[in-house]
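Worth knowing before you read on, the calculation uses all heavy atoms, side chains too, and leaves out hydrogens, waters and symmetry mates. Note on naming: letters A, B, ... go to the chains in the order of the sequence lines (proteins, then strands), and numbering restarts at 1 for each one. The model shown is predicted, which means the values in this text are computed figures rather than measured ones.
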Protein chains: 2
Amino acid sequence: MSSADLLGMFALWQATNVDASTCPARDVLDRIGDKWSSLILLTLAVGALRFSALNRAVPDISKRMLTQTLRDLERDGFITRHVFPTKPPSVEYRLAPLGRSVVEPLVALVGWAQTHHGAIREARQQFDTNAQNA
Amino acid sequence: MSSADLLGMFALWQATNVDASTCPARDVLDRIGDKWSSLILLTLAVGALRFSALNRAVPDISKRMLTQTLRDLERDGFITRHVFPTKPPSVEYRLAPLGRSVVEPLVALVGWAQTHHGAIREARQQFDTNAQNA
DNA sequence: CCGCATCCTATTAGATACTG
DNA sequence: CAGTATCTAATAGGATGCGG
């Protein structure tokens, strides 16, 4: 499906349904648009990880937020949770099929970010400079 | 660039740089991942709009958040602001080149959302049901 | 019409300490 | 090791009224 098609789809959706409760885009963007979800999904895309390994891979997330984000992602079917009854117990998280499929558009966005980050920083700096002069 | 390549890029980035302040992905996702930015970008992708028209197109955003989000998007170079010295004054917002280029990966994500929204809702419902039984 | 400033509340996220 | 509980700080967001 081309970008133009998708844009048409969006226009249609936009015209008929911007209501937050039933709008797929809002629902999904609100979930993976939070501070940590996308980062965790991308990290797990590289390979399955245990709780503390994830915590190390994403250093500045707190245990609390990691737990909560993992629950939410599990609830929506993006990841699965596997408990190994070892001692001490270990729990491994991995992408579910749904999670693997969302990684592709997500990676596209990250790729865009890498490519255009410089332009953004430049625009930001210029804007701030002009604001100071004004 | 293929998805696999991008995934490799991400793995490299992940290994070398998860620091929030210098990480492009974090920077961009934090900006367009907020509650309104992506919605506004997609709305403007359909066509340039004035302030109040935007407010009508995205009904449940407050004037305050609309103003603020538009400023942030302008600051980062995603959109431009055109003032027409009519009476009363009118201001039109439109996508800058940077904004037009980010719409493509964004639309891909929205397309994904449309396609998989049913699966997510299903997973969510099932998870909640199981949680109740437990 | 545009949008800024103020006030207020709800949500989010970090730190810390504790449990099986 | 993998969480949970509690408290607190910071931020996001809504309502409203004023000024250009």
Side-chain angles (χ1 to χ4, degrees), chain A residues 18-21 26-27 29-40 43-44 48-76 79-94 127-128 130-132 134, chain B residues 18-21 23 26-27 29-40 43-44 48-76 79-94 127 131 134:
Chain A
V18 279
D19 180 40
S21 56
R26 296 281 278 275
D27 198 17
L29 288 174
D30 281 1
R31 163 84 46 229
I32 66 164
D34 72 5
K35 195 170 179 182
W36 303 112
S37 294
S38 50
L39 213 49
I40 291 178
T43 303
L44 287 179
L49 287 177
R50 295 188 8 205
F51 187 88
S52 4
L54 257 175
N55 212 156
R56 276 188 296 274
V58 187
D60 49 356
I61 191 175
S62 65
K63 279 196 304 179
R64 189 188 178 286
M65 289 314 298
L66 182 55
T67 302
Q68 185 176 305
T69 307
L70 287 170
R71 282 291 161 285
D72 289 342
L73 290 174
E74 186 192 359
R75 185 168 102 100
D76 282 7
I79 64 176
T80 54
R81 186 171 173 273
H82 303 268
V83 183
F84 299 98
T86 53
K87 193 174 171 15
S90 69
V91 179
E92 195 179 71
Y93 294 92
R94 59 184 65 165
F127 184 90
D128 292 348
N130 290 343
Q132 270 192 345
Chain B
V18 279
D19 181 39
S21 56
C23 161
R26 296 281 279 274
D27 198 17
L29 288 174
D30 281 0
R31 162 86 46 232
I32 66 164
D34 72 4
K35 195 170 181 183
W36 304 111
S37 294
S38 51
L39 215 49
I40 291 178
T43 303
L44 287 179
L49 286 176
R50 292 183 20 202
F51 186 88
S52 10
L54 257 176
N55 211 156
R56 276 189 297 274
V58 187
D60 48 355
I61 191 175
S62 66
K63 280 197 305 179
R64 188 188 179 285
M65 289 315 296
L66 182 54
T67 301
Q68 185 177 306
T69 307
L70 287 170
R71 281 293 158 283
D72 289 343
L73 290 174
E74 186 192 0
R75 187 167 102 99
D76 282 7
I79 64 178
T80 55
R81 186 170 173 273
H82 303 268
V83 182
F84 299 98
T86 55
K87 193 174 165 24
S90 68
V91 180
E92 194 179 72
Y93 293 92
R94 59 184 65 167
F127 183 90

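- What separates CG of Leu49(B) from C1' of dG3(C) is a distance of 17 Å, to the nearest Å.
- We find that CG of Leu70(A) is positioned 14 Å from C1' of dT4(D), with the value rounded to whole Å.
- Between the CZ atom of Phe84(B) and the P atom of dC1(C) there is a distance of 16 Å, rounded to whole Å.
- For the pair Arg81(A) CZ and dG3(D) C1', the computed distance is 9 Å after rounding to whole Å.
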Give me the distances for all protein-to-nucleotides 10-17 of chain D N/O pairs that come in under 3.5 Å?
| from | atom 1 | to | atom 2 | distance (Å) |
| --- | --- | --- | --- | --- |
| dG13(D) | N7 | Arg64(B) | NH1 | 3.3 |
| dG14(D) | O6 | Arg64(B) | NE | 2.7 |

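- Side-chain contact between Phe51(B) and Leu70(B) is present, with heavy atoms from C-beta onward closer than 4.5 Å.
- Note: CG (Leu66(B)) to C1' (dG3(C)) measures 10 Å, nearest angstrom.
- Closest approach of Arg31(B) and Ser37(B) over heavy atoms only: O-OG, 3.3 Å.
- Between Glu92(A) atom CD and dC1(D) atom P the separation is 15 Å, expressed in whole Å.
- Residue Tyr93(B) has a polar side-chain atom (N or O) positioned under 4.0 Å from OP1 or OP2 of dG3(C).
- Rounded to whole Å, the distance from CZ on Arg50(A) to C1' on dA2(D) is 9 Å.
- Considering every non-hydrogen atom in both Arg81(B) and Val91(B), the closest pair reads CG-CG1, 3.6 Å.
- Residues Thr69(A) and Ile40(A) share a closest heavy-atom pair of CG2-CD1, 3.7 Å.
- For the pair Trp36(B)/Asp60(B), a side-chain contact is recorded, criterion being any heavy-atom separation below 4.5 Å from C-beta on.
- Residues Leu39(A) and Ile61(A) fail the side-chain proximity criterion, which asks for heavy atoms closer than 4.5 Å.
- Computed from coordinates, the Arg26(B) CZ to dA13(C) P distance equals 12 Å when rounded to whole Å.
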